[in-house]
Each structure stands twice: as C-alpha cells, then as structure tokens.
Novice: 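Below you'll find the structure I mean.
Numbered from 1 within each chain, the chains take letters A, B, ... in sequence-line order.
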Protein chains: 2
Amino acid sequence: MVKKLYTDLKPIEEVFTGWDVLTPDERRFVKNNSTVQYYKKNEVIHYEGDTPTHMMVLANGKAKVYKEGVGSRTQIIRMLKPGEPFGYRAMIANGTYNTNVAAFEPAAVYMLKGDVFISILRHNNAFCFRFLEELAADLGDSDSRTVNLTQKHIRGRLAESLLFLSKSYGMEEDGATINIYLSREDLANLSNMTTSNAIRTLSSFVNEHIIAMDGRKLKIIDEEKLRKISKMG
Amino acid sequence: MVKKLYTDLKPIEEVFTGWDVLTPDERRFVKNNSTVQYYKKNEVIHYEGDTPTHMMVLANGKAKVYKEGVGSRTQIIRMLKPGEPFGYRAMIANGTYNTNVAAFEPAAVYMLKGDVFISILRHNNAFCFRFLEELAADLGDSDSRTVNLTQKHIRGRLAESLLFLSKSYGMEEDGATINIYLSREDLANLSNMTTSNAIRTLSSFVNEHIIAMDGRKLKIIDEEKLRKISKMG
DNA sequence: GCTAAAAAATGTCTTATAACAATGTTTTAT
DNA sequence: ATAAAACATTGTTATAAGACATTTTTTAGC
C-alpha cells in the first residue's frame, strides 16, 4: 500500500508548477534536499506556534489550514489540494506557524529544506516573484474571507462554502456531486458556525431543492439559487 | 498651506525603507517616475474594483483600508501610517483592487508608476524579497484577524482594537492617550460591530475604569485588564 | 457480527448583538 | 451667529445563532 503510493507519486518537480523557473542546477538542488512524508487521515502536518523547517507541497490528498480560536472553536482558513505549496509563509515572515495544517485523507507531502528554499528565493528572481504572486493572491482572498465570514448570515456562509468546495475540488462524473467529503463539523468550521447549525441549514437547502445529500456526499441541484443566497448574505 | 506640505515632505526614498536595496540607477528611476498626491480628510484614495496604476506609499497622515460588505456594512481591514506601502497587492496579483482606501486626515501619498514598480520587482531580487516579506507578514495578520473578528465577543473585539491602535499609532506625551482620533463609527467598523454597540461598550469600559474618554480622545487606564478582555474573547 | 465510539440529526431554551427610534451634542458652512 | 448636518448617546425591541440535551445513525475496532 505504502509502496504503491511511492511509485504512484509524481516527482516533486512535476506536482508544483513553481519550479518551472528554476535552472537545471537549482532543480537538482531541490531534488537532493527534498523528502516525502506520508500522513494518515486526520493527522496533523504542522502546528501553530511551531518553528517552520521546510517548505511543503501537497503531493496528493486534501488538507485543511485552520486556527484554534477562543474556547477551542476551530476556524478553517484555507483548504489545500494536490500541487499547492504551504508552510512557507511563516518561514518568509521569519516567525512561527500561524496555523495548523491537517490531512483530511491519507496524504503525501513533499518537504524541501527551509534554508534551501530561502536560498533559491534570494537568488532566483523569477522564483521569488512567483511566490510574491502567490501571497498577493492569498492575501486578497483572506481579506475577502474576513468580510464574508463576519457579515454574511448562516445561509449565506454555508452557500458560499459549498460553492467554494465545488469550484475548488470540482465535481464527480455526474457533474453535480462535490468532489470532497467533509464531516458536518469540518463544514461548520469552514463556514464559521456550530455543527448543529450546519446540519440544520443543509437540511433546509435539501427541503428547498437547492442541494441533495447522501451522507457526506453533497450534490448541488440549483447552483443559481445557491449563488444568490451566498451573495445576499 | 499646500506649499508648506510640499517643503515639509520627506522625499520618497526616505519615507519608505524598502528602497534601501535599490541601485543608484534604480533610485533615480523611482524618483523620475514618482509623483505626490494630496488628499483631504475622508477623501477616497482608491476604490475596490478599480484597476491599479500605481504603487503607493503613505507619506503622511493616516488612512484606512476597508471593504464594503453585505448591506453597505463596512469592515476596516487594515490601517496605514506614514511610510507604509499600499495598492501594490492588486498589481502583483494582476487583478483589480480588492479594497477601498481613504484618508482619515489630510494625507500625502507618493505614487510610483505601476510598470516601473513591477519592472524593479522583476529585476532586483532583494527588492522582490522585501515585498515577499511584507505580504507574508500581512497574510499572517489577516488570517489571525479573521479568527479574532469571528470568534471574539464584542468586548474582546473592542479591547483588541484599542490595543491595536495604541500599539500601532502610539501614545501622546501623557503616555496613555491613543495617538489617533477615530469616530465611533470607524471604531465600530474596525471592530465588526454597530456604532451603537461601540459606544455602549466604550461606556462600559469607562465605568469599569479600564479607559477614559474625552470626545474622540481615548486614554488607556488599565492595559492589563484590556489585554485580558481581548484574550478571553 | 457485535460493541463502543463517533457522527448526524433534532428539539428547546438562552443570549449576544443587531435593528430601530428618539434625543442630545458637537461640527461645519454660510 | 445661526442653521443644518453630522455625530454621539441611550433606550427598547427583535432575532439570528449559540448552548445544551437527547436520540438516531453510521463507522471503526476487536
């Protein structure tokens, strides 16, 4: 099983497009200083407060970036899919991790030594610019997210999460089932609400024929309506 | 008056430390492609949705970065003080402005042509890295802010805002009065609450001898208690 | 396959905070 | 100096969403 994963895994230079701009030497440097780590379902990849040591790229699986707030309430900040880099922000900012990251499902993570990553950032301008773009996009998203989570009402927040998940992870073959299966609790933590309210609101959406549910499988029936609810707040 | 401002103004290379890493040629390039714009109290510097044309640095005055959310509710995302760059995130992300920026008080803004800014980013690695650090720090702040604004209760959010303002803008000579005078509405928009509730909560803090008020002048009496309230939520 | 544990579902009750309204106070403009 | 507008204050009411409790269903471990 683990062996199968090893052979299935695309090499680090292929999963993440950011390496495109590296010289052959730099590529070798990256390859020689990278390892793969495997994580079980629900296993934590790094904790808030820890000192970052590696720049990471999710090779496969799905993961959540989250923060524990007041009174052990959890807020999911961002979600990761294969090919996405993470864990590097803290290193660049020269601080500790600001968030936790955990795998939703069995995951493989490429880990590039921190000093190697920083060294390339400092020498290869195109590579540096590439990450500048990445952070610029993330910051815009984060600011929007702040406003959406604070101002929208429950229905709007949940509708937004469903649209986000479907856009981010895509649909299954039927073209309607969202290609990620979250627990109600995770869905609640993504949408800033209690688990009970996530369940209740999902049920309302089913009654209103906006979505269909089969356990954790969520199918979007009326995307237009969902979009409207998300927009209205 | 305007003339006085002109002569008082430090040159663009001095207000913002990011230029340190430029070559003499680049410095000249920046100087030759920069202008100064003056804004009146409450004047908007740029709007959400506009296409960015310049990288800007607040030369003097104070400004707010904010978003209009659902039902014309406003959320202040960030506040600017002299020497801080802004308006460049959208340019790097190759999109439109995600936020509005407006001056709290009469302000002077250095404006560097966008293509010049991008060109230097793409050629000077140290300069690029400098902005990478800037964005990395801002993203960490934004993520924390999301959680604080969604999970803390009203008192916690207001306490946090007061601590933030005092740290960010400093104190007056008395060592206690916060060196920025915000309207109740702005304070509310910074703290994600209605104006009425900002006023009510400020009054409670006064009754509890945590702060003292004199119009818009806010004096922190018991910082320890404020910190505790902010932490507890 | 059975038991224990975790997750989902639902109901009821409470409360924090927004919404609305009315009045007093300070700025600003002329 | 005066009127108008903006801002601050306070009270009352309504409600969205959390807290808590209970039951049902699903999942995981042995």
Novice: dT27(C) C1' sits how many Å from R184(B) CZ, rounded?
Specialist: 15 Å
Novice: Using the closest heavy atom to pick a nucleotide of DNA chain D for each, name whichever of N42(B) or S196(A) lands nearer the 5' end.
Specialist: N42(B)
Novice: For M193(A) and dA19(D), what is the distance between atoms CE and P respectively, to the nearest whole Å?
Specialist: 13 Å
Novice: Between dA19(D) atom C1' and N197(A) atom CG, what is the distance in whole Å?
Specialist: 10 Å
Novice: Between dT23(D) atom P and I199(A) atom CD1, what is the distance in whole Å?
Specialist: 17 Å
Novice: Just wondering, do M55(B) and P85(B) contact through their side chains at under 4.5 Å, heavy atoms?
Specialist: yes
Novice: Relative to the 5' end of DNA chain C, which residue comes earlier, R200(A) or S183(A), by the nucleotide with the nearest heavy atom?
Specialist: S183(A)
Novice: Check the phosphate of dT17(C) against T194(B), side-chain N and O only, distance under 4.0 Å to OP1 or OP2. Yes or no?
Specialist: no
Novice: Does the side chain of N100(A) come within less than 4.5 Å of E68(A)'s, by heavy atoms?
Specialist: yes
Novice: What nucleotide, of dA28(D), dA8(D), dT28(C), holds the atom closest to the side chain of K41(A)?
Specialist: dA28(D)
Novice: State, without any angle test, whether T146(B) and T146(A) hold a side-chain donor-acceptor pair at a distance under 3.5 Å.
Specialist: yes
Novice: Going by an N to O cut-off under 4.0 Å, is there a salt bridge joining K64(B) and D186(B)?
Specialist: yes
Novice: Let's see if you can work this out: which of dA17(D), dA8(C), dT17(C) has an atom nearest to the side-chain heavy atoms of R157(B)?
Specialist: dT17(C)
Novice: What is the distance, rounded to the nearest whole Å, between atom CG of L202(A) and atom C1' of dA17(D)?
Specialist: 16 Å
Novice: Does the side chain of D141(A) come within less than 4.5 Å of R78(A)'s, by heavy atoms?
Specialist: no
Novice: Which whole-number value in Å describes the distance from Y181(B) OH to dC7(D) P?
Specialist: 18 Å
Novice: Can you check whether R216(A) has a side-chain N or O nearer than 4.0 Å to OP1 or OP2 of dT26(D)?
Specialist: no
Novice: R155(A) CZ to dA17(D) P: how many Å, rounded?
Specialist: 11 Å
Novice: Can you measure I154(A) atom CD1 to dG18(D) atom P for me and round it to whole angstrom units?
Specialist: 5 Å
